[in-house]
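We use all heavy atoms of the structure for the numbers below, so side chains are in, but hydrogens, waters and symmetry mates are not. Order of the sequence lines sets the chain letters (A, B, ...), proteins ahead of strands, with each chain counted from 1.
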Protein chains: 2
Amino acid sequence: MNQNTKDTIRLYVDAKYTSPYAMSAYVALLEKGVKFELVTVDLAAKTHHQTAYTRISLTQRVPTLECGDFSLSESSAITEYIDEVFPGMALYPKSPELRARARQVQAWLRSDLMPIRVERSTLVNFYGQKYPPLSAEAKAAADSLIFFAESLLPPGAENLFSEWSIADTDLALMLNRLAMHGDEVPARLREYAQHQWQRASVQSWVHQKRPAL
Amino acid sequence: MNQNTKDTIRLYVDAKYTSPYAMSAYVALLEKGVKFELVTVDLAAKTHHQTAYTRISLTQRVPTLECGDFSLSESSAITEYIDEVFPGMALYPKSPELRARARQVQAWLRSDLMPIRVERSTLVNFYGQKYPPLSAEAKAAADSLIFFAESLLPPGAENLFSEWSIADTDLALMLNRLAMHGDEVPARLREYAQHQWQRASVQSWVHQKRPAL
Ligand SMILES: [Ca+2]
Ligand SMILES: [Ca+2]
Ligand SMILES: [Ca+2]
Ligand SMILES: [Ca+2]
């Protein structure tokens, strides 16, 4: 695909801009320099638009990427697709082993760590929300996350791999659920997550104008 | 990578052979004709091997693929890696749009439909287990699954795309949690899932010698 196509590219995201998966797809498009329309979907209000949205996303999820008559849901499928069809900045490492590791990071963050995702929703990151202390279960999940990140991140590194990848954005968001809430996170992981948070594409998402809670 | 390497390839799976994700990685290796050792991990018995396994899988999950000093967890990352590094049968479609759709299927099945995964565990498929009727929540998830599969599967097709892909194995397993239990599934989806279940690589997994429950 190239940007000369007449098809408008649209990214559908949640109306509060709190979905970490929507953020990942948004960051991917910005990193590639793709021009697109950002469309918000109010998932809370199950509106009359439901049927229309189902035509675009069979699973009614955000994010959804629409390119002409092709539309795609699931953020990791979206970031892979963006990386394959648009020129520019690579979103994944080139070596099969490191690319596999990046995919492992993305898949793990999306299929595990549920207690962190529940007890430290991304309202922490985007609305400054405060929650009660972590349950024992969430503490165990935090320990797994920290062990994983410490094992993969080389000492002193700003990125997981030699170059930035979309897995950094995803991993940093998960770490920042804890770090930005004030939960215990080892200093070098806190610094890594802060550094990733300052990336221009991430800051562009952070600064979306959000409705009051 | 090629099969002349001296490194033994190992796939670590659960000791009851009930993980649908382990099955997916196993099927991928068989479809490629890769020679490998199948190693079972008794996740229920948190043994002294825990530390040894953590060295291979940072997240202590199955499946894990080990190729020499590279090891990888998360089944969708494993099937992508296998497709990239081994010659032979393609596991994903070639067109970026269809490959993206296959990834969407894999990602969705791994991050949603939790009530089906809980109320129709794969003990249904591999041990003939029977469970109570579906809850309202699980019925709603079943409706989403059926809508999704009916929308993607062309009329009369044996595969989602023109050729078989690993997404067929994954989608059919999810449908078969319902169909093999006797829950309502439209006839053409039941036939699709049955057809996929008969695939030699899937049958090889089905016929693993399982311990008593
Ligand atoms: Ca869709
Ligand atoms: Ca999604
Ligand atoms: Ca690992
Ligand atoms: Ca896994």
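For the atom pair OG1 of B:T54 and CZ of A:F148, the computed distance is 12.5 Å after rounding to the nearest 0.5 Å. The line from CZ of B:R101 to CD of A:E74 is 11.0 Å long, rounded to the nearest 0.5 Å. To the nearest 0.5 Å, atoms OG1 (A:T64) and CD (B:Q104) are separated by 7.5 Å. Distance check: B:S111 OG to A:L109 CG gives 12.5 Å after rounding to the nearest 0.5 Å.
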query = Step by step, would you call A:T59 with B:F147 a side chain to side chain contact (heavy atoms under 4.5 Å, CB included)?
reply = CA-CA 9 Å; A:T59 52; B:F147 173 75; over 6 Å; no
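Counting heavy atoms of neighbouring residues, nucleotides and ligands inside a 6.0 Å radius, atom CD of B:E150 exceeds 12 of them. Applying the 6.0 Å contact sphere to CG of B:D69 captures no more than 12 heavy atoms from other residues, nucleotides or ligands. More than 12 heavy atoms of other residues, nucleotides or ligands lie within 6.0 Å of NZ in A:K32, so this atom counts as buried by the packing criterion. B:E84 CD: more than 12 foreign heavy atoms inside a 6.0 Å radius.
Of all the listed residues (B:Q60, B:Q106, B:R99), the one sharing the greatest number of non-hydrogen pairs under 4.5 Å with chain A is B:R99. In terms of non-hydrogen atom pairs under 4.5 Å with chain A, the most contact-rich of B:A100, B:A102, B:S151 is B:A100.
Looking at heavy atoms from C-beta onward, B:R103 lies out of side-chain contact with A:Y81 at the 4.5 angstrom threshold.
Summarising the geometry of A:R61 relative to B:W108, their closest heavy-atom pair is NH1-CD1, 3.5 Å, with the distance given to 0.1 Å.
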